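These numbers come from a predicted model, not from an experiment.
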Amino acid sequence: MENRRIITRPCKVTPMHYFGRLLRIWLSHNWPWIVLTGIVLVMLSVWNPLFVYVGLMLVFLVFPMIFYYLWFAYALHPDCRASILSKQVELSDEGITCRFDDGRFETIVWQRVARVQCAGGDLIFYLSKYIVFILPYHSFESTDDLDYFLKKILAPALGNQK
């Protein structure tokens, strides 16, 4: 079997873009709890208007703490740091190898990738529920490289896991 590989252009994801993706992932998993809390607070505030203050405390005290938790627990995780730092990525049958500007290498083997999502100009590789590696589409030299990666490298690599 041939050793297929693609080397991307140097790329990185801004911390705000990464955190925006992380926040969307967290909200997609937890939106029912937020809606349920809002409905309960509205119902309780009809009964007693002081529950409006409880809602305001949630909005201004609890939700910012949730954002801080997401930032410090997940966005600063060493696996997430690979998305934010400037790097050149090699995609091969073995996995994703990042060559950082300071000469370090980091490899993510395909067995660690739980799933892959294509969203908003990014390839999102889920390493766990909230730990992801983001590779922008624009880092590929051409759309042919992107198509080749999706069909010839990624599909067989993730297909062998299952």
Novice: Quick check: do Asp145 and Thr8 have side-chain heavy atoms less than 4.5 Å from each other?
Specialist: no

Novice: Can you hop from Tyr130 to Leu27 via hydrophobic side chains spaced under 4.5 Å?
Specialist: yes

Novice: Between Ile39 and Leu44, is there a shared hydrophobic cluster once you connect ILVMFWY residues whose side-chain heavy atoms come closer than 4.5 Å?
Specialist: no

Novice: What pair of heavy atoms forms the shortest contact from Asp79 to Arg112, and how long is it?
Specialist: OD2-NH2, 2.7 Å

Novice: Can you check side-chain contact (heavy atoms from CB on, under 4.5 Å) on Asp101 and Leu85, steps first, answer last?
Specialist: CA-CA 8 Å; Asp101 289 345; Leu85 296 176; over 6 Å; no

Novice: May I ask you to decide if the ring planes of Phe125 and Phe149 are parallel, tilted or perpendicular, using 30° and 60° as cut-offs?
Specialist: perpendicular

Novice: Quick one, Pro15 and Trp71 - any side-chain contact, counting heavy atoms below 4.5 Å?
Specialist: yes

Novice: Side-chain heavy atoms under 4.5 angstrom apart, residues restricted to Ile, Leu, Val, Met, Phe, Trp, Tyr: same cluster for Leu50 and Val59?
Specialist: yes

Novice: Under a single-linkage definition using a 4.5 Å side-chain heavy-atom cutoff for Ile, Leu, Val, Met, Phe, Trp and Tyr, are Ile134 and Met16 assigned to the same hydrophobic cluster?
Specialist: no

Novice: Contact between Thr107 and Glu94 at the side-chain level, heavy atoms closer than 4.5 Å - yes or no?
Specialist: no

Novice: Can you give me the closest heavy-atom contact between Leu58 and Pro64, atom names plus distance?
Specialist: O-CD, 4.4 Å

Novice: Atom CZ in Phe105, atom NZ in Lys87: separation rounded to 0.5 Å?
Specialist: 14.5 Å

Novice: Any side-chain heavy atom of Val132 within less than 4.5 Å of one from Leu22?
Specialist: no

Novice: How about Trp110 and Ile153: do any of their side-chain heavy atoms sit closer than 4.5 Å?
Specialist: yes

Novice: If I take atom CD from residue Glu106 and atom CZ from residue Arg81, how far apart are they, to the nearest 0.5 angstrom?
Specialist: 6.5 Å

Novice: Do the side chains of Phe140 and Leu150 join up, straight or via other hydrophobic residues, at under 4.5 Å, putting them in one cluster?
Specialist: yes

Novice: State, to 0.1 Å, how close Thr37 and Trp33 come at their nearest heavy-atom pair, and which atoms those are.
Specialist: OG1-O, 2.7 Å

Novice: Which is it for His17 and Asp122 under the side-chain contact (heavy atoms from CB on, under 4.5 Å) test, yes or no, and what are the steps along the way?
Specialist: CA-CA 10 Å; His17 180 75; Asp122 294 325; 2.6 Å; yes

Novice: Ala119 and Tyr137: which non-hydrogen atoms are nearest, and at how many Å?
Specialist: N-OH, 4.2 Å

Novice: Using modelled atom types only, decide if a donor and an acceptor are shared between the side chain of Asp102 and the backbone of Arg104 within a distance under 3.5 Å.
Specialist: yes

Novice: In this structure, are over 12 heavy atoms from other groups packed under 6.0 Å from Tyr69 atom OH?
Specialist: no

Novice: Measure the shortest side-chain to side-chain distance between Leu127 and His77 over non-hydrogen atoms and say whether it is less than 4.5 angstrom.
Specialist: no

Novice: What I want to check is whether the side chains of Ser92 and Glu90 have a donor and an acceptor closer together than 3.5 Å.
Specialist: no

Novice: CD1/Ile7 to OG/Ser139 distance, rounded to the nearest 0.5 angstrom?
Specialist: 12.5 Å

